[in-house]
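The figures here come from the full heavy-atom set of this structure, side chains too, leaving out hydrogens, waters and symmetry mates. Predicted model only: the values in this text are computed from it and were never measured. Labels below follow one simple rule: chain letters A, B, ... track the order of the sequence lines, proteins then strands, and each chain is numbered from 1.
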Amino acid sequence: MPCILQRRLVSNTYQNPRPVAGVLTRHRLAYTGGNDTLVRVWKMDKGSDEEPDVAYEAGESITAVATGEDCWLSGSEDSEVRRYGRNSTALEGLVTGGNGAAVRSLAIDPKGKRVAVSSEEPVVKLIDLQDTLKVSLLSGYTKCVRKVTWHPSGSLLTTSGADGKIIVWDVSEDEPKQEKVIEGVIPAVSDSEAPEFVHDCSAVWHTSGQHFYAPTRTHEIAIISRSSWTKTSTLTDDSSLGDVTALALSPNGLYLASASQAGVFIWSTHNRRVLFRYVHPGTPNATITHLAWSPSQNLLAWTDTEGILTRWPQPVPASSPDPVKLSSVAAVTTVPVKRKPELSLFDEDAADDGKTNPEAEPDVDLDNDDWILDDIGIGMDDEPEEQRSKKDGFVKEMVSVTKAQPPFQPGSTPWTNKKRYLDYNMIGVIEVTDQDTHHIVNVEFHDKTTRKAIHFTDHFKYDLASLGERGALFACPPENDHPAHVTYKPYGTWASQGEWTYELPKGVRAVGIAAGGPRATKSQRVMSDGDIQGYGNVVVATNQHEITLLSGTGIERISLGLDGDYVTMVAGTEFAFVVTRDGATTIDGSQNLMGTIWEFDDFSVLQKQKLPIPKGSTLKWVGITEDGAPALYDSNGVLYTMPRFRMPLRASWVRSLDTNTLERREGKDESYWPVGVTADNFMCLILKGRQEYPGFPRPLIQELPIRYPFRRRDPKEGPLEEHFARESMLLNIKRDALGDELTTDEISRRELALDKELIQLIQNACKNDRLPRALELTSMLHHTASFDMATKVAGFYHLVGLQEKMEALKEDRMSDDRLEIAREKRKRWMGDSDPVPPPRLPEERSSTRRHNPFQDFGPPPAISRPGLAPARPGDSHRASTMTSSRHAEDSEMHQDSSPAGKRKRPEDEHDIRQSLSPEVENASKRRFSVEAASKPTAGSNPKASE
Amino acid sequence: MALPISLRSSVTPPELELIASEQLIEIIPLISMDKTAFISGAYGPLRPPAKCRLPIWMATNLKLKKKCHIVPPEWLNIDFLQDRLTRETSQPEFCAMPFRFAEVAKIILDVASDDVENPDKIRSLLKDLREARQAKSREGITKLDHSELTLPNLCSMEINEIRPFFIRSMGVLTQLVREPSAAGDI
């Protein structure tokens with residue numbers, strides 16, 4: 001229920017029934033006119049006993065008033081449009097007139113250059129205000145035109161005719177043309193004496209320019225989208241009865257005021273619900289015919305058919321976003337908010353204070369200052385410089401502020417055709433459909449085996465969501481009867497006990513949320529009464545400059561303060577990556593964003609770094625790669641990852657992919673909307689043309705191979721070098737996660753694959769006679785066996801000197817073990833900068849993962865046949881049983897990579913060697929290990945014995 | 001098989017479809033599965049939402065169980081087919097198409113028409129293409145010559161269509177041409 005506000009209103013009575021005009025300007029003036037042929041100019045800060053200034057010139061009833069940059073106009077039934085100087089009631093001249101047709105509506109375009117005049121004639125005139133002889137005629141109606149309004153850009157004009165047609169005109173060029181005729185929306189009223197004729201039927205453009213509002217014949221308010229010119233939704237409320245008689249949009253586009261017999265309603269343009277309501281106490285036959293918001297104050301004023309001008313100060317309570325100032329919260333949803341607010345009622349130019357005398361009205365100046373501060377967090381459409389300086393002469397020339405990007409939820413899109421994505425990531429998609437009174441939320445997963453899709457009806461209108469590994473998180477803004485809250489729904493326990501709600505107190509709202517957690521190790525489709533590995537972690541950022549960390553079951557753990565405005569965040573397995581704005585944006589165009597990684601375990605800062613976003617660009621997306629590293633994507637189309645994030649405060653942002661240099665981009669106009677990052681691929685949705693967000697139906701995820709933006713264009717060596725750098729980085733991530741062990745089977749297998757590529761590079765270098773390069777590449781090799789290959793390559797090209805040097809390198813490598821060096825390096829970093837190991841999870845007891853013979857690609861386990869072993873002198877029997885027992889141990893290791901399975905180093909070395917070439921020299925290796933086992937004294941450095 | 005003799009010498013279209021099913025195609029799986037060994041090779045692992053290459057028979061099997069989306073090959077779209085159709089109708093020779101395009105297109109349109117953009121238009125384009133190519137191959141048969149035998153860019157289904165007639169007529173032609181020399185030998 002909307003709260004019914006009973007407030008003290010200020011009413012001024014004046015003796016002109018059927019007043020038709022009420023206009024507020026930023027200097028707190030209101031212009032009214034009516035049947036008594038007078039235009040009164042009211043000062044809004046005076047009380048109800050004010051005596052207004054009066055303009056007497058009109059011969060018949062005043063029907064329309066409009067204000068422009070340096071003048072105001074009045075239209076009268078004597079067919080004349082008169083022009084007056086600003087802040088005065090002295091007549092300056094006639095704009096048009098003399099044809100005897102009563103003027104019905106006036107509208108000055110947002111730039112203040114032209115005025116659209118509609119009269120009893122079926123033609124709308126477009127008159128240049130500087131040169132009133134320059135007139136273009138818009139013809140297309142058969143009856144008179146009741147209202148004219150401008151699009152905020154000034155390129156479109158909407159006219160509402162008495163025959164019920166709304167015509168949209170494109171007036172950007174010299175020759176105006178009809179863009180679209182919209183029929184069946186507004187009521188047709190042909191009799192100019194009918195009481196309905198004075199109802200305001202104008203098409204009120206939203207400040208974003210994407211849609212307009214119009215009262216319908218069915219007593220609703222229709223929203224008509226600019227892209228399709230069709231009705232996308234309606235504003236209805238049970239308490240709003242009867243014809244909608246007036247409409248007005250608040251200067252920042254957040255609120256829409258409407259009047260009907262039931263009173264004055266203030267709607268939120270965001271969720272299309274009635275927020276506030278003023279019950280009309282007046283006589284039943286007094287119809288409100290005009291509503292107007294003050295462009296500079298929180299003030300709503302209206303005139304009615306009884307001839308009363310009523311002012312409603314503070315129609316929007318202080319607890320809600322201001323109707324004038326462009327607030328950050330507002331900008332998240334109402335996309336490109338124009339800096340120059342468009343006033344609705346008669347659509348005159350409201351931002352007309354540029355030329356006011358600053359000494360006389362210091363409050364204007366203050367307004368502007370306020371505006372700069374509030375500006376942090378509004379839409380990013382920068383206004384052209386000249387426009388800005390023209391308007392506010394003396395303040396902003398000194399400070400050219402970079403628009404700060406608003407907070408956003410990675411993976412979410414704005415509403416398009418009543419649908420939007422709340423989250424789209426590598427786990428799944430949350431789609432929302434707007435059903436006017438409620439939303440339908442649809443959660444679907446890419447992997448249908450691990451998680452079960454769900455959809456539910458949402459009466460809270462969740463506007464933030466995050467799909468985590470272990471659960472889905474939703475947050476809704478506060479509405480009349482309920483405060484803001486956050487709901488977490490762990491998977492596998494849909495609609496059962498696992499779900500919890502975290503209520504936020506009054507005045508607090510969530511600005512960002514993130515759900516994180518360890519990767520699922522088993523299917524989460526099955527219902528269970530609890531998961532031994534927990535439900536992950538939940539992070540909530542609120543408008544109180546803090547983030548609150550909660551556990552997956554809703555235990556509040558800590559509230560961390562943020563040293564700047566929150567921008568966005570994402571939660572990984574064991575950390576939350578939060579982007580804040582460090583102070584303000586800089587004058588030269590940088591967003592000045594800071595990325596901080598907090599651990600979930602002990603809430604310590606793992607990394608704190610400025611984001612590498614160049615000046616003039618913005619952050620588009622943040623995410624977590626498949627390896628658990630943070631990643632981000634900027635508006636330049638560059639993907640950055642932080643591979644070595646486990647090293648406290650040591651990591652750096654690596655440029656992983658520059659989408660501008662992609663081959664597929666050649667000759668195409670497309671952009672990429674990130675979804676996720678895997679080891680080799682950048683998963684994204686490809687958007688064609690100027691499209692900014694993915695639409696419906698859901699597009700398929702495309703894979704772009706990740707290529708470090710290296711510049712070498714050699715067709716053979718370039719890709720190999722790039723791959724080597726990328727793969728080495730991946731190996732480093734894997735090593736960081738391992739703690740002290742530093743190697744596994746998988747790592748050594750990948751190292752071997754890398755060695756093969758290095759050998760190719762060495763061969764290429766030898767062929768081109770670039771010996772130092774070959775030598776450097778040799779020193780990069782991982783395994784000692786690979787050195788022999790390199791030597792062979794050098795031998796093939798008869799490079800004996802190189803061969804010798806390679807041998808020397810090999811000996812050098814064998815004398816000091818590279819893993820030992822790496823381990824020592826890590827020891828030096830010891831103390832508080834130890835790489836942080838990934839969290840160890842308790843093993844699932846009822847693990848469904850069992851050995852599957854079809855999915856085992858390893859060599860079959862060796863069968864010990866002592867009888868068939870070649871004869872050896874000495875204790876051959878004992879040695880061979882030892883070998884087989886090691887094999888058994890190896891296969892155990894394959895299945896169970898538990899931390900308990902730590903082993904000593906010399907045995908690790910054997911593993912590497914075994915996995916190096918499992919098919920080659922199997923027998924000799926076995927012999928070798930036999931020797932090693934039989935000679936335990938040489939075991940400390942088995943390679944030396946080879 | 002109760003087929004007329006003339007057809008028995010040729011492979012049936014379903015059989016060709018079966019052969020084409022061995023080709024690999026990209027899918028976006030909806031289930032996760034480790035790398036799995038089959039007789040024809042090991043496929044996988046399936047890790048949604050990453051793409052994966054599988055044989056068509058496996059893709060159709062998964063698709064029928066709603067466990068994957070099939071990514072249509074790059075030639076199965078309106079732009080490509082339209083371009084080929086105009087070339088086919090304006091040039092005398094056959095234009096290059098994937099060898100088993102008819103079979104693959106049929107399987108995908110039958111099983112996964114919801115994954116293809118504008119399947120009806122594609123169907124009609126494929127039909128037009130087939131008719132244009134059929135007309136050419138019929139025209140080519142009238143010019144059949146025993147000594148020359150080049151069929152560039154003819155696809156498997158089209159070869160199969162003319163196969164019974166072609167084999168017989170080549171046999172007859174050879175006999176007709178060879179007869180004088182054979183008689184001379186005697």
Can you tell me which of A:Ile427, A:Ile701, A:Asn681 forms the most heavy-atom pairs within a distance under 4.5 Å of chain B? A:Ile701
Is A:Met683 close to chain B through its backbone or its side chain, or both, or neither, when contacts mean heavy atoms under 4.5 Å? side chain
Which bit of A:Asp447 comes within less than 4.5 Å of chain B, counting heavy atoms only: side chain, backbone, both or neither? both
When rounded to the nearest 0.5 angstrom, what distance separates [atom1] in [X] from [atom2] in [Y]?
X: A:Leu700; Y: B:Lys51; atom1: CG; atom2: NZ; value: 7.5 Å
X: A:Thr678; Y: B:Arg47; atom1: OG1; atom2: CZ; value: 12.0 Å
X: B:Ser32; Y: A:Arg451; atom1: OG; atom2: CZ; value: 9.0 Å

With a sphere of 6.0 Å drawn around [atom1] of [X], does it hold more than 12 non-hydrogen atoms of other residues, nucleotides or ligands?
X: B:Lys127; atom1: NZ; value: no
X: A:Asn417; atom1: CG; value: no
X: B:Glu117; atom1: CD; value: no
X: A:Arg664; atom1: CZ; value: yes

B:Glu139 meets the salt bridge (Lys or Arg N to Asp or Glu O under 4.0 Å) criterion, sequence neighbours left out, with B:Lys143
What side-chain donor-acceptor pairs closer than 3.5 Å can you find for residues 21-30 of chain B, not counting sequence neighbours?
residue: B:Ser21; atom: OG; partner: B:Glu17; partner atom: O; Å: 3.0

Could you report the tightest heavy-atom contact between A:Glu703 and B:Pro49, atom names first, then the distance? OE2-O, 4.2 Å
